Amino acid sequence: MTNPLASLLDRLTGQFAKIRLTELGVAVSGGSDSLGLLVLLSDWAARDGPKPRAVTVDHGLRPEAVSEAEHVAGICRQLGISHDVLSWSGWDGTGNLPDEARKARYGLIADWAQTRGLKQVAVAHTLNDQAETFLMRLAREAGVDGLAAMASTWRHGEIEFRRPLLDVSRNELRAVLRARGIAWVDDPTNTDHAFERARARAALDTLAELGLTPRTLCNVAGHMSDVRTTLYWYVFLAARTHVTIDRGDILIDRKGFRTLPRDITRRLVQEVLKWIGGAVYPARGKAVDLMLESIRGGTGMTLQGCVLSVSPDTLRFTREMQAVAGLRVTTNEVWDGRWRMTGPWPTGAYVTCLGEAGLLECPNRAETGLPMATLTASPAIWRDGHLVAAPLAGLGNGWTATLTRDEDMFFAAILSH
């Protein structure tokens, strides 16, 4: 008879088969999913696996969170695992609370991992989470991308997050905890129908009677992932044929663009905007549809911190000056997430955008062949409010500007879906 725990552990370690780690971060909330993951990683470490290091984020939204973090700390002590608690106090009462908390959580964890020299962090998203997410997106009339299965890995800056339990159910993890005599915390928001995920979780019980079990929905999501992968392969081929990159701008052959299916053009535009603006998530479908209509009508548009200009032959996407007007870095820091400046740094020099006033101080700007929108949003060296250099605008003075997100990264990003 197969040992259920051994089977779970094999499924977990199989997700790390191609990498070698000595330490692995693990996010633990105190719920059954994350505690189950913690126990499995502890068992793996006892064999020959990486040493786990646990972290809990207190979002400061519920008074019980403090005791829940202490509960996790106690379990970690029993297992001989180091444990840290991170606090978030950034909620200002506006926006979507679950979304803001999620973004803050991963940002805090990524910073924590980097300061401790960790390369990867495991999170306990399960088969049930996949099914719940599928239902929520189905209710929003999502397309292929929205209904596709969760990615098993993703990056937040230098840190790779991994979901090694996407094929494991919540009940399987709870069985592990019961066998070890480990109690878990039930977050009251999981049953509070004011939250969308709680409603989706309740709906799954009813849908199971129709054969729509969490595993069934996850299988459908997996099929959607296969479709999405195929679609992005065609986006990649279209980009290779019709896209060129000019000093940080992306140019698309307008005639070739018109021959592409709408689903391909939408994804291509989303990838262009992400590459230029550095957004983590693609622009929303309705906004992109408006941009596609602008392209069809031959007019420009601004979206996600980028500017589209349309000429008879070319679609040109560049950074929006207003999106970078307040960005300022010193010495060798990367500016706007993609430009690194090299030159004879004088004391007190800094990098910010060239702007319209700075552009007037560049006598050779016309010789660059770049449009005004590109040049005003380009990086420039300033000191005491005076322009020192603007390499992309023809005012070098010993300075160069190099893209940290190059052409190869753009094409590779398309295939990373």
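From a predicted model like this one, the values you see are computed outputs, not experimental measurements. Along the sequence shown, residues carry numbers from 1. Heavy-atom basis, side chains included; hydrogens, waters and symmetry copies ignored.
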A.B. asks: Distance check, rounded to the nearest 0.5 Å: Asp249 atom CG versus Thr318 atom OG1?
C.D. replies: 3.5 Å

A.B. asks: Assess the residue pair Leu217 and Leu204 against the criterion (side-chain contact (heavy atoms from CB on, under 4.5 Å)); give the C-alpha distance rounded to whole Å, side-chain angles, the decisive distance to 0.1 Å, and a yes or no.
C.D. replies: CA-CA 10 Å; Leu217 296 179; Leu204 283 172; 3.5 Å; yes

A.B. asks: Aromatic contact between Trp335 and Tyr350, with the criterion being ring centroids under 6.0 Å apart: yes or no?
C.D. replies: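 No; Tyr350 has its ring centre 6.0 Å or more from that of Trp335.
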
A.B. asks: Looking at Arg140 and Glu196, does any basic side-chain N land under 4.0 Å from a carboxylate oxygen?
C.D. replies: yes

A.B. asks: For Gly355, does its backbone N or O pair with a side-chain atom of Thr376 as donor and acceptor, under 3.5 Å?
C.D. replies: no

A.B. asks: Do Leu173 and Leu165 touch side chain to side chain, with heavy atoms closer than 4.5 Å?
C.D. replies: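 Yes, at least one pair of side-chain atoms sits under 4.5 Å.
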
A.B. asks: Please walk me through it: do Arg247 and Thr374 pass side-chain contact (heavy atoms from CB on, under 4.5 Å)?
C.D. replies: CA-CA 9 Å; Arg247 289 162 285 184; Thr374 300; over 6 Å; no

A.B. asks: If you take all heavy atoms of Asn397 and Val388, which pair is closest and at what distance?
C.D. replies: ND2-O, 2.7 Å

A.B. asks: Which one of Leu308, Thr314, Leu268 satisfies the side-chain contact (heavy atoms from CB on, under 4.5 Å) criterion with Ile252?
C.D. replies: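 Of the listed options, the one satisfying the test is Leu268.
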
A.B. asks: Is it the case that Ser378 and Arg319 place a side-chain donor and acceptor less than 3.5 Å from each other?
C.D. replies: no

A.B. asks: Would you call Trp339 and Thr404 a side-chain contact if the rule is heavy atoms closer than 4.5 Å?
C.D. replies: no

A.B. asks: When you compare the side chain of Ile381 with that of Met341, does any pair of heavy atoms fall below 4.5 Å?
C.D. replies: yes

A.B. asks: Measure the NZ-OH distance between Lys103 and Tyr281 for me, rounded to the nearest 0.5 Å.
C.D. replies: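 Going from the NZ atom of Lys103 to the OH atom of Tyr281 covers 7.5 Å.
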
A.B. asks: Taking Thr330's backbone N and O only, do any of them form a donor-acceptor pair with Glu333's side chain (distance below 3.5 Å, no angle check)?
C.D. replies: yes

A.B. asks: For the atom pair CG (Leu108) and NE2 (His156), what is the distance rounded to the nearest 0.5 Å?
C.D. replies: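 Answer for the CG-NE2 pair, Leu108 versus His156, is 9.0 Å.
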
A.B. asks: Determine, stepwise, if the pair Arg197 / Thr133 fulfils side-chain contact (heavy atoms from CB on, under 4.5 Å).
C.D. replies: CA-CA 8 Å; Arg197 185 167 292 276; Thr133 300; 3.0 Å; yes

A.B. asks: Quick one: are Leu354 and Cys362 in side-chain contact, heavy atoms under 4.5 Å?
C.D. replies: yes

A.B. asks: As an exercise, state the distance from CG of Leu37 to NE2 of His125, rounded to the nearest 0.5 Å.
C.D. replies: 11.0 Å

A.B. asks: Using only heavy-atom distances, determine whether the side chains of Ser87 and Asp58 contain a donor-acceptor pair under 3.5 Å.
C.D. replies: no

A.B. asks: What are the two closest non-hydrogen atoms of Ile295 and Arg254, and how far apart are they?
C.D. replies: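 Distance-wise, the nearest heavy atoms are O-NH2, 3.5 Å.
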
A.B. asks: Between CE of Met372 and CZ of Arg365, what distance do you get to the nearest 0.5 Å?
C.D. replies: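 The CZ atom of Arg365 is 8.5 Å from CE of Met372, to the nearest 0.5 Å.
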
A.B. asks: Is the Lys NZ or Arg CZ of Arg162 less than 6.0 Å from the centre of Phe16's six-membered ring, within 45° of the axis?
C.D. replies: yes

A.B. asks: CZ of Arg296: more than 12 outside heavy atoms within 6.0 angstrom?
C.D. replies: no

A.B. asks: Ser225 side chain to Ala221 main-chain N or O, any donor-acceptor pair under 3.5 Å?
C.D. replies: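 Yes, Ser225 side chain to Ala221 backbone: donor-acceptor pair under 3.5 Å.
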
A.B. asks: If you draw the axis of the six-membered ring of Tyr232, does the NZ or CZ of Arg267 fall within 45° of it and under 6.0 Å from the ring centre?
C.D. replies: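 That pair qualifies as a cation-pi contact.
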
A.B. asks: Are Thr216 and Asn219 close enough that a side-chain donor and a side-chain acceptor fall under 3.5 Å?
C.D. replies: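 The answer is no; no qualifying pair exists.
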
A.B. asks: Flag yes if more than 12 heavy atoms outside Arg328 fall under 6.0 Å of its CZ atom; otherwise flag no.
C.D. replies: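 No, because the 6.0 Å sphere around CZ of Arg328 holds 12 heavy atoms or fewer from other groups.
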
A.B. asks: Kindly confirm or rule out a cation-pi arrangement of Arg240 over Phe411, judged by NZ or CZ under 6.0 Å from the six-membered ring centre and within 45° of its axis?
C.D. replies: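 Output yes; distance and angle both within limits.
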
A.B. asks: Under 3.5 Å, is there a donor-acceptor pair linking the side chains of Ser169 and Glu172?
C.D. replies: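 There is such a pair between these side chains.
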
A.B. asks: Show the nearest heavy-atom pair for residues Glu320 and Ala377, with the distance to one decimal.
C.D. replies: C-CB, 4.2 Å

A.B. asks: Salt-bridge test for Asp313 and Lys255: reply yes if a basic N is under 4.0 Å from a carboxylate O, no otherwise.
C.D. replies: no

A.B. asks: Just wondering, are more than 12 heavy atoms of other shown residues or ligands nearer than 6.0 Å to CZ in Arg284?
C.D. replies: no

A.B. asks: How many angstroms lie between atom CZ of Phe257 and atom CG of Asp253, to the nearest 0.5 angstrom?
C.D. replies: 10.5 Å

A.B. asks: Please tell me if the side chains of Pro50 and Glu23 come closer than 4.5 Å, counting only heavy atoms from C-beta onward.
C.D. replies: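 No, their side chains stay 4.5 Å or more apart.
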
A.B. asks: What are the two closest heavy atoms between Thr115 and Trp112, and how far apart are they?
C.D. replies: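 Answer, listing the atom of Thr115 first, then Trp112: OG1-O, 2.8 Å.
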
A.B. asks: Answer with yes or no whether the side chains of Glu160 and Gln120 bring together a donor and an acceptor at under 3.5 Å.
C.D. replies: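 Yes, a side-chain donor-acceptor pair sits under 3.5 Å.
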
A.B. asks: Ignoring hydrogens and geometry, is there a side-chain-to-backbone donor-acceptor pair from Arg155 to Glu158 under 3.5 Å?
C.D. replies: yes

A.B. asks: Restricting to non-hydrogen atoms, name the atom on Ala283 and the atom on Leu303 that form the minimum distance, rounded to 0.1 Å.
C.D. replies: CB-CD2, 4.0 Å

A.B. asks: For the residue pair Pro346 and Trp399, what are the closest heavy atoms and their distance?
C.D. replies: CD-CZ2, 3.9 Å

A.B. asks: State whether Arg163 and Asp129 are salt-bridged, where the test is any N-O pair (Lys NZ or Arg NE/NH1/NH2 against Asp/Glu carboxylate O) under 4.0 Å.
C.D. replies: no

A.B. asks: Is it true that Glu141 and Lys286 have a side-chain N and a carboxylate O under 4.0 angstrom from each other?
C.D. replies: no

A.B. asks: Among Val310, Asp246, Ile250, whose side-chain contact (heavy atoms from CB on, under 4.5 Å) with Arg316 holds?
C.D. replies: Asp246

A.B. asks: Is it true that Arg174 and Ser32 share a donor-acceptor pair across their side chains at a distance under 3.5 Å?
C.D. replies: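 Result is yes, a qualifying pair exists.
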
A.B. asks: Please determine whether a side-chain nitrogen of the Lys or Arg among Asp289 and Arg262 lies less than 4.0 Å from a carboxylate oxygen of the Asp or Glu.
C.D. replies: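 So Asp289 pairs with Arg262 through a salt bridge.
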
A.B. asks: Output yes when Arg170 and Glu132 qualify as a salt bridge under the 4.0 Å nitrogen-oxygen rule, no when they do not.
C.D. replies: yes

A.B. asks: Quick check: does any side chain N or O of Ser294 sit under 3.5 Å from a backbone N or O of Met301, one acting as donor and the other as acceptor?
C.D. replies: no

